[in-house]
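Here's the structure, in structure tokens; my notes come after.
Reminder, nothing fancy here: chain letters follow the sequence lines and each chain counts from 1. All values derive from a computational prediction rather than experimental measurement.
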Number of protein chains: 2
Amino acid sequence: MATIHDVALRAGVSPKTVSRVMNDHESVTAKTRERVREAMRALDYQPSTVARVLRSQSAPAVGILMGDPSGGYQTRIHHALMVACLQNGRHLSAELVEGDMAGWQDRIRAFVTEGGVREMVLLPPECDFAPLKALLREHGVRCVLISPTSPDSLSPSIVMDDRAAAREVVEHLFSLGHERIGHIAGHPDHAASTLRRNGFNEAYAAAGKPRPDPALIVPGDFSFKGGLAGAQALLDMDDPPTAIFAANDDMAAATCMEAQRRGLKLPDDLSVVGFDDAPIAAAIWPSLTTIRQPFDQMTQRAITALNGWSANEALGKGAATILTQHSLVIRESTGPVRAG
Amino acid sequence: MATIHDVALRAGVSPKTVSRVMNDHESVTAKTRERVREAMRALDYQPSTVARVLRSQSAPAVGILMGDPSGGYQTRIHHALMVACLQNGRHLSAELVEGDMAGWQDRIRAFVTEGGVREMVLLPPECDFAPLKALLREHGVRCVLISPTSPDSLSPSIVMDDRAAAREVVEHLFSLGHERIGHIAGHPDHAASTLRRNGFNEAYAAAGKPRPDPALIVPGDFSFKGGLAGAQALLDMDDPPTAIFAANDDMAAATCMEAQRRGLKLPDDLSVVGFDDAPIAAAIWPSLTTIRQPFDQMTQRAITALNGWSANEALGKGAATILTQHSLVIRESTGPVRAG
DNA sequence: GTGTCCATTGTGAGCGGTCACATTTTGTCC
DNA sequence: GGACAAAATGTGACCGCTCACAATGGACAC
């Protein structure tokens, strides 16, 4: 493995100049720069991240905290973040945080100081955990929040417009002729649940229709089981809805299952819409119409925010809220309302 | 942050002695050792991994390569591995490997040299990719293989007994009175598919029953859609099976869905068994009887193998095959065969 | 006492970079 | 051509730790 010295020797300059070239320092002659570049190429030189971290006390890594991945959400963000890091020449460093958070402070401290992590991406629910954010700030770690319940005045947030997305879902159903639309709400602790329900209601108002029957909104908890219960409640009604909008894909899948169990044909007898575009949405039959959370874009924006942090700081409080663009993915689970 | 010098100063010894204490070197007086330990405690000393890596050119991290996580398998191993690393005072370093593997050699090389990774855990399908293993060996990286198609003569493998597990599934169904059992096979490219099908057949032989009707074994591909097709084929038969054993949980879930769509009551009219104990197995209704892959144990063993590598080397070729213990998880999707 | 030996401890260098600062070059103007 | 500032480059130290080797001490035999 070639070191900076080898490169310097070959280019006939000092190591420091090589360092300057690597870090895009301004004051290097174009000629020298090219000579150094050439030497790097010739020696297939790869600067040692470790040495750099040791000296400069900061790594080019983006940290992320992970818990149990069974929900799927974290995993997808994690994957998207790895891709984003890769594209930005960064490295992703993950630390486990779950269950009994006993001694979590020490764990985080070690993660940050040992790994030299100076920047982190925080996911729900950690992105709303004030003590954690305070600890990180204390250690000079810059954070970007993904879908926090409420924006933070010190860290930029990457969010999607859950309310608008829910409205789009309902408008899509309206366009198919559905009037009685059921909604299985999300877990009451999640801010997104409220936003999605509000969007559901707003769509009626925006279309100049009367407020939907409150009985058509049933509670849920984002789980398959919760979705099953919600679907049962809705389909047991005397005047059941012709379409059901579940606050996430797991519950929507459960709804499909329950409907098929009752002998309903999808989407003829019932249209179902989910939210998230989780793997299950494309896997099951009928595949789910759903809202695609733009994970790629979210993580890309997160890295961009981190990259341009200094600019952000100059820009103001650094508390920007970055909105990402979701999209309605229409698949097989929605169709025109049955005539009659 | 306290450094080794601070500790040395406080303990009244040289930094080297502190280093010796940290690395459990033999030749340090008990008294000195205790004094150093005390100083470490007093200063809340955390040795710098970065410095250690730089100097000793090897990190205490275990590497893993990750691709698209949508299958769920990687994610679960990843999580289990993080837990295992945590318990063993190690750190997990993940690198993305997927899609167009153009330039994968450089990526891997960088991962290994930059990160100082000297040990890796290889998952399917990478664990069977010879060029990758050769490259890693070339760089002195020690590997542990998880569920490889065929064992490697140079790296220990952690496997589970797919065949025995499949046998247990069938025996469980036998014990419930099922005689006509369908099997939806896995993706033909996966070794596990064959093993599970063989186990399925073996169970009949072991029970002294005639070889099962070949028509009862239908092809699959581990996907939900493939499971749907397989279930349809089986349930469309003139003399349909009373139980279906799918080679993984996704296909089992699809089978449940298809059966319920046809108005069958589970498990009264049809018993269904999956394989893997994926999150979906516990999520759906009825929850799936399935084989639990012992991920915790597998990853724990992997780390143990890595920890005791030198011992292994002395022991022979280092090509141990470590068998882990699966278990049959009986849930709601299986029940006694319907009388008559 | 003093020479030998071994166990325990210390010394200085260096891993591969970057930092603050010193030094050299270069260009500009009179 | 010489004075001068500004730009370009080089110098050594140092980040925190571990390495090879040297040095210290005490126990023991003579």
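- Residue B:Val53 is classed as having no contact, given no heavy-atom separation below 4.0 Å to the nucleic acid.
- Here the side chains of B:Val117 and B:Phe111 are in contact, with some heavy-atom distance below 4.5 Å.
- Residues that satisfy the ring-ring contact (aromatic ring centres under 6.0 Å, His included) test with A:Tyr73, not counting sequence neighbours, are A:Phe295.
- In this entry the distance linking NE2 of B:His25 with P of D:dT18 reads 10 Å, nearest Å.
- For the pair B:Met40 CE and D:dG16 P, the interatomic distance rounds to 15 Å; values are reported in whole Å.
- Remark: B:Arg41 engages B:Glu38 in a salt bridge, criterion side-chain N to carboxylate O under 4.0 Å.
- Between B:Ile4 and B:Met22, the closest side-chain pair of non-hydrogen atoms falls below 4.5 Å.
- Between B:Thr32 and C:dT8 there is no side-chain polar atom (N or O) within less than 4.0 angstrom of OP1 or OP2.
- Using modelled atom types, no side-chain atom of A:Gln46 and backbone atom of B:Ala110 make a donor-acceptor pair closer than 3.5 Å.
- Axis angle, first five pairs versus last five pairs of the helix from C:dG1-D:dC30 to C:dC30-D:dG1: 60°, rounded to 10°.
- We find the CG-CG distance between B:Leu122 and B:Leu145 to be 5.5 Å, quoted to the nearest 0.5 Å.
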Base versus backbone protein contacts along nucleotides 11-17 of chain C [heavy-atom cut-off under 4.0 Å; B, S, -]:
B-BBBBB

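- Two residues are said to be in side-chain contact when any heavy atoms from C-beta on lie closer than 4.5 Å; B:His79 and A:Leu96 meet this criterion.
- Per the geometry, CZ belonging to A:Arg33 stands 11 Å off C1' belonging to D:dA8, to the nearest Å.
- When side chains are defined from C-beta on, A:Thr32 does not count as touching A:Val21, because their heavy atoms never get closer than 4.5 Å.
- Residue contacts for A:Val18: at a heavy-atom cut-off of 4.0 Å it reaches no nucleic acid atom on any strand shown.
- Spacing between atom CG of B:Asp24 and atom P of D:dT18 amounts to 12 Å, rounded to whole angstrom units.
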